[in-house]
Amino acid sequence: MQNAVGIDISGRTPREVTFEETQESDYVITMGCSADGVCPAGWAGENRDWELDDPDGKSAAEVSQICDEIERRVNDLFDEIESA
């Protein structure tokens, strides 16, 4: 099965990000829940919570708007990182 942007999502299920994965990351982006309980106090990376709406139970049009907002924010983040 492919999602609306053509990415194969068959066999994929959401999972929790591990402590070790955050240790290897420069940025942790959450989408409506803080990562304060996951990211250790001594972690050198940056945590940002984008506070997006949960798409569960939303119409296809609403989910599309959420996806568009995620894409915009990811592009903005890449632009910010490249200009740093």
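Both backbone and side-chain heavy atoms feed into the values below; hydrogens, waters and symmetry mates do not.
No donor-acceptor distance shorter than 3.5 angstrom exists from the side chain of Glu24 to the backbone of Glu21, with no hydrogens or angles considered. A donor-acceptor distance shorter than 3.5 angstrom exists from the side chain of Ser83 to the backbone of Asp79, with no hydrogens or angles considered.
Annotation for Arg12 and Asp8: closest pair CG-O, 4.5 Å, computed over non-hydrogen atoms. Closest heavy-atom contact between Val74 and Trp50: N-CH2, 3.8 Å.
Counting only heavy atoms from C-beta outward, the side chains of Glu62 and Asp53 never approach each other to under 4.5 Å. A 4.5 Å side-chain heavy-atom check between Tyr27 and Thr22 finds every atom pair outside the cut-off. Side-chain contact between Arg48 and Thr30 is absent, with no heavy atoms from C-beta onward closer than 4.5 Å.
Note that CG of Asp54 is 7.5 Å distant from CD1 of Ile66, once rounded to the nearest 0.5 Å.
Contact check on Arg72 versus Asp68 returns no salt bridge, with no Lys/Arg side-chain nitrogen under 4.0 Å from an Asp/Glu carboxylate oxygen. A salt bridge between Arg73 and Glu80 is absent, with no side-chain N of the basic residue lying under 4.0 Å from a carboxylate O of the acidic one.
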**Request:** In sequence, state the C-alpha distance, the side-chain angles, and the governing distance for Leu52 and Glu69, and then conclude on side chain to side chain contact (heavy atoms under 4.5 Å, CB included).
**Result:** CA-CA 8 Å; Leu52 296 166; Glu69 180 64 14; 3.7 Å; yes
**Audit row: Ile70, Met31, side chain to side chain contact (heavy atoms under 4.5 Å, CB included) steps and yes/no** = CA-CA 9 Å; Ile70 292 169; Met31 299 187 181; 3.9 Å; yes
